[in-house]
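Okay, so here's the structure we're looking at.
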Amino acid sequence: MIFYYNNNERGHLIENNTSSQREQVARKIGVFVAWPYSSGPRHVGHGAALLPADVVARYERSRGSDVLMVSGTDEYGTPNLIAAEKKGMSTKDFVDMTSAIIRKDFIDLGMSFDWFTHTTSPNHAEVAQNIFANLVDSGYVTLGTMNGSFDSITSQALPDRYVEGTCPRCGTEGARGDQCDNCTSLLDPTDLIDPHSSLTKNPVEFRPTQHYFLNLDLLKNEVEEFIEQNPNLRTEAKKLSSSLISELRPRAITRELSWGIPLPKGYELENGENRVLYVWFEAVIGYLSASIEWAKNKGNPEAWKDWWTENKSKNYYFMGKDNVPFHTIIWPAIIAAKNHNVRDGEVILKKPDIIASSGNLNFGGSKFSSSRGNVAYIKDMIKIVGPDALRYYLISSGPENRDSNFAVEDLILKYNNELLAKWGNLVSRVTNLIERDFNGIVPSKENINSVSDQDLLNHVATTYKTVGELIESGKLSAALREVMDCIAHANKYIVEEKPWEDTSIKNGRSEEVLTALSIFIENINKLLCPFIPHASQKVSNAFGQKDIISPMPIEIKNQYGQGVLSGDYSQSLDWKYTKNWLGNKLSGGKAVIFPKFKNEEILKVFNDLL
RNA sequence: GGCGGUGUAGCUCAGUUGGUUAGAGCGCGGGACUCAUAAGCCCGAGGUCGUAGGUUCAAUCCCUACCGCCGCUACCA
């Protein structure tokens with residue numbers, strides 16, 4: 001075993017294989033999760049993109065980092081306005097309902113948010129309005145005019161693709177305002193013959209409208225520098241961003257809607273027309289506003305600053321790949337602009353450190369689509385297979401670097417043949433032997449030092465470092481694979497050592513082997529904890545531990561009475577080799593943590609839900 | 001149409017900054033065992049790394065073209 005001095009002032013000896021970082025001053029880690037649009041329950045594709053955030057957060061906490069994990073539901077915008085109308089509900093009631101559904105999804109999945117709030121939070125409106133006003137004052141946001149499409153009856157502003165009409169080139173009806181699917185001509189909404197809204201079928205009217213614009217062209221150099229000099233952008237994210245950056249131009253950041261954050265006082269249009277901040281401007285500000293809201297709620301209103309000041313923290317942002325430009329261009333641009341006009345008492349905001357984007361999770365070869373019924377919801381999958389089977393599958397087979405495909409059959413296979421057969425079965429056979437031959441007391445033989453024992457324990461001890469490094473570099477599926485490989489070592493070991501054979505000999509080989517295996521299981525269980533926290537807690541309890549190693553989020557109210565997610569995660573496990581279980585009494589004898597799934601039954605339930 | 005991605009064993013995916021026999025898990029075939037959730041262990045069979053050219057001493061990995069699939073194309077993140 002190698003020892004070395006870490007480079008902090010205390011300089012005491014630490015073991016190389018138990019992760020030196022926790023010995024250093026606790027560092028701040030921001031885990032910022034893309035805000036789900038609160039249109040309804042989240043499908044497993046959303047889970048695949050956001051789950052890595054929880055793995056990183058749990059891992060970082062366990063190695064002693066001070067983690068702030070925030071997000072919330074993105075509630076403003078046209079789609080919710082329309083959806084609520086269709087349901088005959090007020091927009092506020094609709095988003096309250098859908099936001100609650102999403103919070104339930106995340107609680108069930110075990111997403112350990114410190115603060116999961118709302119874009120409809122008054123605090124968010126205030127922060128967004130302040131930034132907006134600041135940018136207007138410094139000239140990065142200015143008034144301009146654009147030609148808008150409107151529903152002539154409802155006056156609703158329409159996106160290009162909601163404008164429908166007859167194609168001027170090929171005469172096909174039902175061409176969209178951006179493109180005709182029949183002849184593939186690129187179109188402008190004004191090109192269409194007889195343009196009408198695809199939502200209401202009402203005629204479309206075009207008229208120049210006044211809006212505030214974010215002058216992205218003025219910020220091009222700073223954004224470019226941010227992208228080029230960021231070593232942590234995944235290559236795809238970098239490519240995606242670089243191609244967009246050459247054509248940066250002012251973008252309208254206000255909309256003519258009733259459902260949104262109003263312009264701050266003193267910045268309203270002179271003609272008295274109503275404008276609200278557009279979601280892609282205000283929603284990204286949510287990372288900051290949620291941090292502030294969390295700090296206020298905690299009674300320490302300045303606490304958020306540790307995560308937003310340069311050189312104090314390392315901030316991860318997690319999202320699906322379609323979200324990347326908003327985090328590599330828009331958000332850094334807003335931050336850069338804001339930092340040009342720092343007022344007394346304000347901090348210079350730090351830009352993202354790590355943009356962790358995932359690919360898309362497809363289903364049956366094409367993307368999830370609620371409207372086409374081609375979808376698997378998180379809530380349904382959790383109902384059928386539980387949170388950890390889903391987590392295991394999404395991390396091990398999910399779209400980490402590229403798009404991947406979701407299949408319930410694969411999930412069941414992964415669970416039954418890996419999680420259950422390799423890990424669950426090991427726990428089961430070891431607890432069974434301890435119960436049978438040692439009256440349920442975990443053996444604690446001193447001096448286990450045969451070569452095979454040492455190999456096994458060294459392997460799991462060094463795996464902390466390997467897995468930690470893989471998690472930090474965003475390779476979660478490889479990290480999980482590393483743990484599973486380590487488990488394979490134990491399955492080989494138990495077959496070779498046959499601890500079930502010498503039951504008559506007390507203090508014999510069996511005691512040594514089961515001691516080693518108990519230590520092994522204790523540590524593997526911790527290595528698995530960020531990935532499958534629910535099951536880890538159960539294994540820990542089965543071995544007689546009372547402490548919480550996998551704290552879970554709970555729903556509380558924020559200072560405005562809105563339902564938010566928070567939690568106390570101070571009791572996280574330690575990311576280092578330990579042997580605390582020896583001598584414990586098993587809490588329930590032989591432990592079966594993972595029930596076996598019957599393929600046909602699961603598929604039947606799943607298909608019935610579709 | 002434009003932009004981008006992708007095509008590696010039956011399946012889901014790694015990987016190669018170009019270099020001797022291309023990897024994993026699952027699935028499949030065979031074997032020995034029985035503590036264990038018919039799980040675990042051992043052995044094995046499967047791939048001309050989408051197609052055609054080019055660059056190179058050498059390409060699955062670079063370039064070009066083509067074919068297939070997927071996504072985005074700005075006011076639904």
Side-chain angles (χ1 to χ4, degrees), chain A residues 34-37 39 49 74 77-83 146 148-149 157-162 177-180 183-187 211 236 239-240 243-244 247 249 251-257 278-281 283-284 319-327 330 359-360 362 365-367 393 396-407 409-411 413-414 416-418 420-437 475 477-478 480-481 484-485 487-488 490-501 503 510 514 590-597:
Chain A
W35 292 48
Y37 195 68
S39 51
D74 175 11
T78 313
N80 279 343
L81 199 63
I82 294 168
M146 66 190 278
S149 311
L158 294 167
D160 284 356
R161 53 204 319 185
Y162 286 180
D178 55 344
Q179 179 178 6
C180 170
C183 66
T184 71
S185 307
L186 278 180
L187 302 172
H211 282 290
E236 187 179 23
K239 278 182 197 167
L240 216 56
S243 64
L244 292 170
E247 45 197 78
R249 54 171 190 260
R251 283 185 66 159
I253 57 165
T254 51
R255 290 293 178 273
E256 193 172 9
L257 272 180
Y278 179 47
V279 289
W280 70 249
F281 177 78
V284 287
M319 70 208 73
K321 68 176 177 186
D322 50 338
N323 237 325
V324 166
F326 292 92
H327 295 79
I330 306 293
N360 288 335
N362 294 324
S366 54
K367 68 188 282 190
Y393 175 72
S396 61
S397 300
E400 192 165 284
N401 293 313
R402 66 163 88 174
D403 297 357
S404 73
N405 203 45
F406 177 84
E409 296 89 331
D410 290 345
L411 186 155
L413 282 173
K414 279 266 175 194
N416 279 345
N417 297 325
E418 295 182 30
L420 185 161
K422 298 209 160 38
W423 172 235
N425 187 50
L426 177 68
V427 171
S428 191
R429 66 207 302 201
V430 169
T431 48
N432 182 61
L433 288 169
I434 292 175
E435 184 69 16
R436 191 192 75 180
D437 299 338
K475 295 176 180 167
S477 110
L480 190 47
R481 171 59 35 210
M484 296 312 287
D485 285 350
I487 292 170
N491 279 322
K492 189 176 291 197
Y493 170 84
I494 196 171
V495 165
E496 284 166 2
E497 300 296 344
K498 300 182 175 49
W500 50 84
E501 281 190 349
T503 56
S510 161
L514 288 175
K590 179 175 132 184
V592 175
I593 307 293
F594 303 95
K596 179 109 175 173
F597 291 156

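Quick caveat: nothing in here was measured; it's all calculated off a predicted structure. Naming: A, B, ... by sequence-line order, numbering from 1 per chain.
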message = Could you measure the distance from the CG atom of A/Asn416 to the CG atom of A/Asn425? Nearest 0.5 Å is fine.
response = 12.0 Å
inquiry  = Is there a side-chain contact between A/Asn425 and the phosphate of B/rG40, meaning an N or O under 4.0 Å from OP1 or OP2?
reply    = no
ask   = Of the candidate nucleotides B/rG40, B/rC26, B/rC76, which contains the atom at the shortest distance from the side chain of A/Asn417?
value = B/rC26
request  = Would you classify A/Ala407 as touching base, sugar-phosphate or nothing, given that sugar-phosphate means primed atoms plus P, OP1 and OP2, and contacts are heavy atoms under 4.0 Å?
outcome  = nothing
task = Map A/Ala488 and A/Thr254 onto RNA chain B by nearest heavy atom, then report which one ends up closer to the 5' terminus.
result = A/Ala488
query = Given A/Val430 and A/Glu435, is the side chain to side chain contact (heavy atoms under 4.5 Å, CB included) satisfied, shown in steps?
reply = CA-CA 9 Å; A/Val430 169; A/Glu435 184 69 16; over 6 Å; no
task = Would you classify A/Asp74 as touching base, sugar-phosphate or nothing, given that sugar-phosphate means primed atoms plus P, OP1 and OP2, and contacts are heavy atoms under 4.0 Å?
result = base
task = Check the distance between B/rG40's C1' and A/Glu496's CD and give it to me in whole angstrom.
result = 12 Å
message = Using atom C1' in both nucleotides, what's the gap between B/rU6 and B/rC49 to the nearest angstrom?
response = 14 Å
request  = Indicate whether OP1 or OP2 belonging to B/rA39 is found under 4.0 Å from a side-chain N or O atom of A/Lys422.
outcome  = no
key: Sugar-phosphate only, base, or nothing, as touched by A/Leu480 at under 4.0 Å among non-hydrogen atoms   = nothing
query = Is A/Val284 touching bases, backbone alone, or none of the nucleic acid, heavy atoms closer than 4.0 Å?
reply = base
ask   = Across the strands shown, which category fits A/Arg251 at heavy-atom distances under 4.0 angstrom: base, sugar-phosphate, nothing?
value = base
ask   = Would you say A/Ser397 reaches B/rC13's phosphate, i.e. side-chain N/O to OP1/OP2 under 4.0 Å?
value = no
request  = Using the C1' atom as the reference point in each nucleotide, state the distance between B/rG25 and B/rC33 in Å, no decimals.
outcome  = 24 Å
ask   = Which heavy-atom pair separates A/Arg436 from A/Trp500 by the least distance, and what is that distance?
value = NH2-O, 3.3 Å
query = Nearest of B/rC35, B/rC26, B/rA39 to any side-chain atom of A/Lys596?
reply = B/rA39
inquiry  = Classify A/His327 by what it touches in the nucleic acid, base, sugar-phosphate, or nothing, heavy-atom distance under 4.0 Å.
reply    = base
key: Side chain of A/Arg436 - closest among B/rC35, B/rA36, B/rC26   = B/rC35
ask   = Between B/rU34, B/rC11, B/rG40, which nucleotide gets closest to the side-chain atoms of A/Trp500?
value = B/rU34
task = Please tell me which of A/Ile494 and A/Asp485 maps to the more 5' nucleotide of RNA chain B, matching each residue to the nucleotide holding its nearest heavy atom.
result = A/Asp485
key: Under 4.0 angstrom between A/Lys414 side-chain N/O and B/rC11 OP1 or OP2   = no
inquiry  = With rounding to the closest Å, how many angstrom separate the P atoms on B/rU73 and B/rC11?
reply    = 31 Å
message = Would you measure the distance from the P atom in B/rG46 across to the matching atom in B/rU34 and give it in whole Å?
response = 32 Å
query = How far, in whole Å, is B/rA52 from B/rC57 if one measures between their P atoms?
reply = 23 Å
message = Once you apply a heavy-atom cut-off of 4.0 Å, does A/Thr431 come out as touching a base, just sugar-phosphate, or nothing?
response = nothing
task = Check every strand shown and say whether A/Lys492 touches a base, only sugar-phosphate, or nothing at a heavy-atom separation below 4.0 Å.
result = sugar-phosphate
message = Using the side-chain heavy atoms of A/Arg429, tell me which of these nucleotides is nearest: B/rC11, B/rC13, B/rA36.
response = B/rA36
inquiry  = Would you measure the distance from the C1' atom in B/rC72 across to the matching atom in B/rA59 and give it in whole Å?
reply    = 32 Å
key: Nearest to side-chain heavy atoms of A/Leu413, which nucleotide of B/rU12, B/rC26, B/rG40   = B/rC26
task = May I ask you to say what A/Ala421 touches in the nucleic acid, namely base, sugar-phosphate or nothing, with a heavy-atom cut-off under 4.0 Å?
result = sugar-phosphate
